[in-house]
Every structure is written in C-alpha cells, then in structure tokens.
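Counting begins at 1 with the first residue of the sequence. Every value quoted in this text rests on a predicted model; they were computed, and no experiment measured them. Computed from heavy atoms alone, side chains included, the values below leave out hydrogens, waters and symmetry copies.
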Amino acid sequence: MFGDLVPPYPPRCSPDVEEARRHGLRWVVERARLFLDRLGRVAADPRAADPTNPVEGGLADLLGRTCAGRDTVWRQRLTARLPNVFDDALWEVDNLAFGRIPDPVDYIGMRRRAGGALWAAQLVERALGLGLPPVVREQPALERLHEAFADVVDLHNDLVS
C-alpha cells in the first residue's frame, strides 16, 4: 500500500540522529549537574537543608543521624568529602556520555578523591566509637593511609564491576 513512500535515508538512520543524541546527552548531563549540585548543598549543611525531593530528604536525615554526637571538626571532615563523591558521579556521566577515556593518572586521582572510599574511611571513627585527636588526624601518614585504602577499594570495585 505504501511501497512507493521511501524516505531518502534508511528508517533508523536519520541525518539528524547524531545531533539528537548529542542534545539528549547534554540534557542528561545538565540535569545530573543540577541534581548533584542540590545534593552537594544538602551535604554541606544537612541541618539547614530544605529538601525538595526524597533523595535530598534521605541524605539530610542520614547525615543528621550519622553526625549526631560527633564534634564539629569531624562533621566538617565528613561532609566536606561528600561533594567529591557527587563530582565523581558527574565526571563518569560526562565521560560515558561523550565517549571520553580518561588518562590513567587522572583517573586514579579522581577515583581516589571522589570514589567514596575516603568518605567511608571517615565513618570508621564513628563505627568504632572513637575520636582521633587533632594531632593524629593531621598527620600526613594518616592521609596517605586513607589514600591507600581508597585506591584499593575503588580500583577493586572498578575491576569487578
């Protein structure tokens, strides 16, 4: 019936398909940035947060309960590392969306800083009911230990996922 209606290009290969794909990816990345920026603001000060969705509300509640009974310095260390986790998520979305393969040195540095293991390492004090004195917390050796921990955890995750 419609045999003589043939488009000038194959049905699934519109000449605009690549531009439409790029536009869709830019839109996703832009929305991801807005969402992660909001989470970063909640993480920076969960008590002052005004959650606008269940994820923000859950993060504010989780951080409020996690930080309860901890000193201000500990809370600041914990919440200061959390936006890095969001940066990593956005960095990965950007790389996947636009087909970029990061340089290995940049990749390891970003994973260490933003993979979540440095943030999780802060929770050890909380889980064990410890409070490291500032003189211990500020030791470069402790920071290197945290970085080694992060490298093992994050790179292991990358290898098995």
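Contact annotation: the side chain of Asp50 never approaches that of Val42 to less than 4.5 Å [non-hydrogen atoms, C-beta and beyond]. At a threshold of 4.5 Å between non-hydrogen side-chain atoms, the residues Leu123 and Leu78 count as touching. Looking at heavy atoms from C-beta onward, Leu39 lies out of side-chain contact with Val85 at the 4.5 angstrom threshold. Counting heavy atoms from C-beta outward, Arg26 and Glu30 have side chains that stay 4.5 Å or more apart. Contact of the Arg33 side chain with the Arg38 side chain is not registered, since no non-hydrogen atoms from C-beta on lie closer than 4.5 Å. Residues Arg41 and Glu56 fail the side-chain proximity criterion, which asks for heavy atoms closer than 4.5 Å. Counting heavy atoms from C-beta outward, Leu132 and Trp74 have side chains that stay 4.5 Å or more apart. In this structure, Phe149 and Val153 have side chains that are in contact, with non-hydrogen atoms separated by less than 4.5 Å.
Summarising the geometry of Ala150 relative to Ala117, their closest heavy-atom pair is CA-CB, 3.5 Å, with the distance given to 0.1 Å. Nearest approach of Leu90 to Ala32, heavy atoms of both residues: CD1-CB, 4.1 Å. Shown here for Thr79 and Ala44, the closest heavy-atom pair between the two residues is OG1-O, 4.2 Å.
The structure places CD of Gln76 at 10.0 Å from CG of Asp45, a figure rounded to the nearest 0.5 Å. Taken to the nearest 0.5 Å, the CZ atom of Arg112 stands 13.0 Å off from the NE2 atom of His146. Rounding to the nearest 0.5 Å gives a distance of 12.0 Å between CZ of Arg75 and OG1 of Thr66. Residue Asp154 holds its CG atom at 8.0 Å from OH of Tyr107, rounded to the nearest 0.5 Å.
Hydrophobic clustering of Ile, Leu, Val, Met, Phe, Trp and Tyr side chains at less than 4.5 Å, counting indirect connections, keeps Val29 apart from Trp91. When the side chains of ILVMFWY residues are joined at heavy-atom separations under 4.5 Å, either directly or via intervening members, Leu118 and Val152 end up in two distinct hydrophobic clusters. Transitive grouping of hydrophobic side chains (ILVMFWY, heavy atoms separated by less than 4.5 Å) keeps Val28 and Leu36 in distinct clusters.
The side-chain hydrogen bond (donor to acceptor under 3.5 Å, both in side chains) search around Gln122 returns Arg77, not counting sequence neighbours.
Evaluated for a side chain to side chain donor-acceptor pair (under 3.5 Å) with Arg111, the options Asp158, Asp106, Asp151 yield exactly one hit, Asp158.
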CA sep, side-chain torsions, deciding dist, call: Glu143, Glu138, side-chain contact (heavy atoms from CB on, under 4.5 Å): CA-CA 8 Å; Glu143 186 60 29; Glu138 294 165 4; over 6 Å; no
Assess whether side-chain contact (heavy atoms from CB on, under 4.5 Å) is satisfied between Phe86 and Asp37, documenting all intermediate values. CA-CA 8 Å; Phe86 305 143; Asp37 284 347; over 6 Å; no
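Donor-acceptor pairing under 3.5 Å is lacking for the side chains of Asn95 and Glu92.
By the 6.0 Å contact criterion, CG on Leu34 is enclosed, its count of non-hydrogen atoms from other residues, nucleotides or ligands being greater than 12.
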